Amino acid sequence: MSYEQYHSLWNKLGIDTQKITAGVDGAIKRHEEVFLTQSNRPSKMEYFDEFWRNLQTGRIAELDKLKEQGKPLVGTFCIFVPEETVVAAGGACYGLCSGSPASIPEAEKELPRNICPLIKSAHGFKLLKMCGYTQSADFIYGETTCEAKKKTWEVLNTHHPVHVMQIPQKKDEKSMVLWGKEVEEFNAHIEEVAGRELSFEEMKNATEIINAKRAALRRLDKLRGMYPDIVPISGKDGLLISQISFVDEPIRFTEMLNELCDELEKRVSQKSSVFDSDTARLMVLGTPFAAPNWKLHHIVETSGGAIINEESCIGHRYYKDDVELDGVGTKEELTAKMMQRYKKIDCACFTPNEERIQKIVSMFKERQADGVIYYTLSFCHTYNVESFLVEKALKAEGIPYLAIESDYSPEDAGQIKTRVEAFIESVKAKKQAKA
Amino acid sequence: MYWGVDIGSTYTKIAALDANGGVSEVHTIHTLVNQDDRVMEFLNGKNISSIVATGYGRDMMKQKTGCKSISEIQAHAKGACMFFEDTSVVIDLGGQDAKVIQIEDGQFVDFRMNDKCAAGTGKFLEIAATRLGFALEEFGEACKKYDKLIEISSMCAVFAESELISLIAKKESAENIGAGVHNSIASRLSTMARKYQLDKRVVFTGGGALNPLLVEMLESQLEIKLSLHPYPQLNGAIGAAKIAFDGA
């Protein structure tokens, strides 16, 4: 494909048309291989497939229109950044490209090799000017969830404006006072960029939009995991939708996702599953899967398993909680409710993080899953260290557990497949023994 | 006859069980390109009731013949239990990976494998043997003559090799350096194994089990007696054959 109608937009954003054309072609081809080869896919996936094909073209053009109207475009890497405020200002708050091995060699010119692939990939995309989202962003909001990230922002800031929100490491009162100030400052910054004070109505409206998006994602999550006999949609498709939830226009996304969920509800009532009945239903825990990191899902779902939930930031941690709006009448009250909502994020950057472990056990029981895969990106120390306590808690409950550590390179796929297949064999044997 | 085919990255192991479930023949051939064709050629004219495939090449065998394929973990667990019914842990040291498998009532319930690097695998033993001038088969026996235990601390086979070179330059004896290599592998294996309860039968398999010094050092580090498999390198193929036999 030549994507000629986007060349002037790409040029305006400083993107090399030849390089990005190859990148887009590659991403579309990979999507075809991984997604379009699945059988019995829901017909409403078509919207999300089409969105993927337009990821660096049509959607970037939409963002450009917002930009021309003077609306703020904010790029992020973390679910702590309060997107409600950006949406209230009529702008877009989105996740940046960070899931491809292709940009990592470039990043390693400036960053150490032994930090997490997500950060390196994101930094490389900036250096290569290969991501329309990064290139469009007025600024990037970084945060302090790990050592590698917070120091990378200083390097990234030499290429693109970066602001940093200080995420506390504990959830005690004084830490939450700090976090409250960070949210207030963020809101003030967005208002400054928008050139006006945001009204309570605008804030409330935006919060309703994002709450509705999260509710639709929770609806999908239930459909994926709450019916022990039926898996109406593959984990790969579920993951793709979660990934798209970070870049799509939220109102349209919510509408399309609810349409898909209507279709899935019909499937559930007709007992129409995309997998055989003896498929192992697995939950995945841990670090996020930034698109196009589909490696683990693809391996699991071509080895006799199905992934029914991602307990990760691109997944359940992002949509599990809403900002409560009942009885809220002023901006201050709304900001306080936002605070309460964001405080519930059980990121492994917190110490202690006991609530996450309890949540995982109860999520497992609710879904009557068959096993758990704890996924850690290489060098993500917080999630990796925390896995010990999670494993201990799961084993105490007799829950089958497999740990996988990986990066974005394709070469460990064979080894991961061996482990995953063996794990699925043991899970199935246990399932049979129980039955 | 019931055949198990374990297509590994370097060798393909083939085992057959007779109608009574006893091992009747075992073979080892090099793994090359189009190994599925080579295996079929090998099996041509043999008495075949069924085949089960395992190892990295299991999927290509499955596609070629429509036979069943199982993971190496299951094959190794099965193979060990065939000789030692009460196996509770299998420690396997192969050329490319090391694994520890936990078994309850004949069924594996958990396992660990080494990371992608070669340190702590049979490959590392092979690199060190070559560098120190030993044949792999005699490496363990020869190094039993060590009189000093040298610590090899490197985490990576490439760095460990340069560590060996600096030890050679320091005029340390080949036996002492070799013993250090054995000890570092035993220590990596025992760290993996200690995750599990080792108070019942622990079976050692893979090419590593043929090395007497490694067995000795692993036993001393784990403070247990290891059961040695009669066909250590063929355990995966025999386990696959046993599954073929049980399925018949």
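Because the structure is predicted, anything quoted here is derived from the model rather than measured. So you know, we letter chains A, B, ... as the sequences are listed, proteins then strands, and number each from 1.
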- [ ] Report the distance from atom CG of D110(B) to atom CG of L402(A), rounding to the nearest 0.5 Å.
- [x] 8.0 Å
Task: Where I70(B) and E425(A) come nearest, the two heavy atoms and their spacing - done: CA-OE2, 3.3 Å
Open item on the list: Is Y56(B) in contact with chain A via its backbone, its side chain, both, or neither, using a 4.5 Å heavy-atom distance?
Closed with: side chain
Open item on the list: Quick check on K395(A): does its NZ atom have over 12 non-hydrogen neighbours (other residues, nucleotides or ligands) under 6.0 Å away?
Closed with: yes
- [ ] Answer with side chain, backbone, both or neither: which region of D97(B) has an atom nearer than 4.5 Å to a non-hydrogen atom of chain A?
- [x] neither
Task: Top of R112(B), R58(B), K99(B) for chain A proximity - count of heavy-atom pairs under 4.5 angstrom - done: R58(B)
- [ ] Give a yes or no on whether E33(A) atom CD has more than 12 heavy-atom contacts from other residues, nucleotides or ligands under 6.0 Å away.
- [x] yes
Task: Y196(B) atom OH, neighbour heavy-atom count above 12 within 6.0 Å - done: yes
Open item on the list: Is it true that, when you exclude K62(B) itself, more than 12 heavy atoms of the residues, nucleotides or ligands shown sit nearer than 6.0 Å to its NZ?
Closed with: no
Open item on the list: More than 12 heavy atoms of other residues, nucleotides or ligands under 6.0 Å from NZ of K151(A): yes or no?
Closed with: no
- [ ] Can you see which heavy atom on F111(B) is nearest to which on F423(A), and at what distance?
- [x] CE2-N, 3.9 Å
Open item on the list: If we define contacts as heavy-atom pairs under 4.5 Å, which of A422(A), P400(A), A403(A) has the most with chain B?
Closed with: A422(A)
Open item on the list: Let me confirm one number: the OG-NZ distance from S71(B) to K417(A), rounded to the nearest 0.5 Å.
Closed with: 11.0 Å
- [ ] Drop me the distance from D59(B)'s CG to S303(A)'s OG, to the nearest 0.5 angstrom.
- [x] 8.0 Å
Open item on the list: If you count heavy atoms of other groups shown closer than 6.0 angstrom to NZ of K68(B), is the number above 12?
Closed with: no
TODO: Write down the atom of E72(B), the atom of T418(A), and the distance for their closest heavy-atom approach.
DONE: OE2-CG2, 3.2 Å
Task: Over 12 foreign heavy atoms within 6.0 Å of CG, D105(B) - done: no
TODO: Determine yes or no for a side-chain-to-main-chain donor-acceptor pair under 3.5 angstrom, with Q107(B) supplying the side chain and A429(A) the backbone.
DONE: no
Open item on the list: Please determine whether a side-chain nitrogen of the Lys or Arg among K195(B) and E391(A) lies less than 4.0 Å from a carboxylate oxygen of the Asp or Glu.
Closed with: yes
TODO: To the nearest 0.5 Å, tell me how far I404(A) CD1 sits from M113(B) CE.
DONE: 9.5 Å
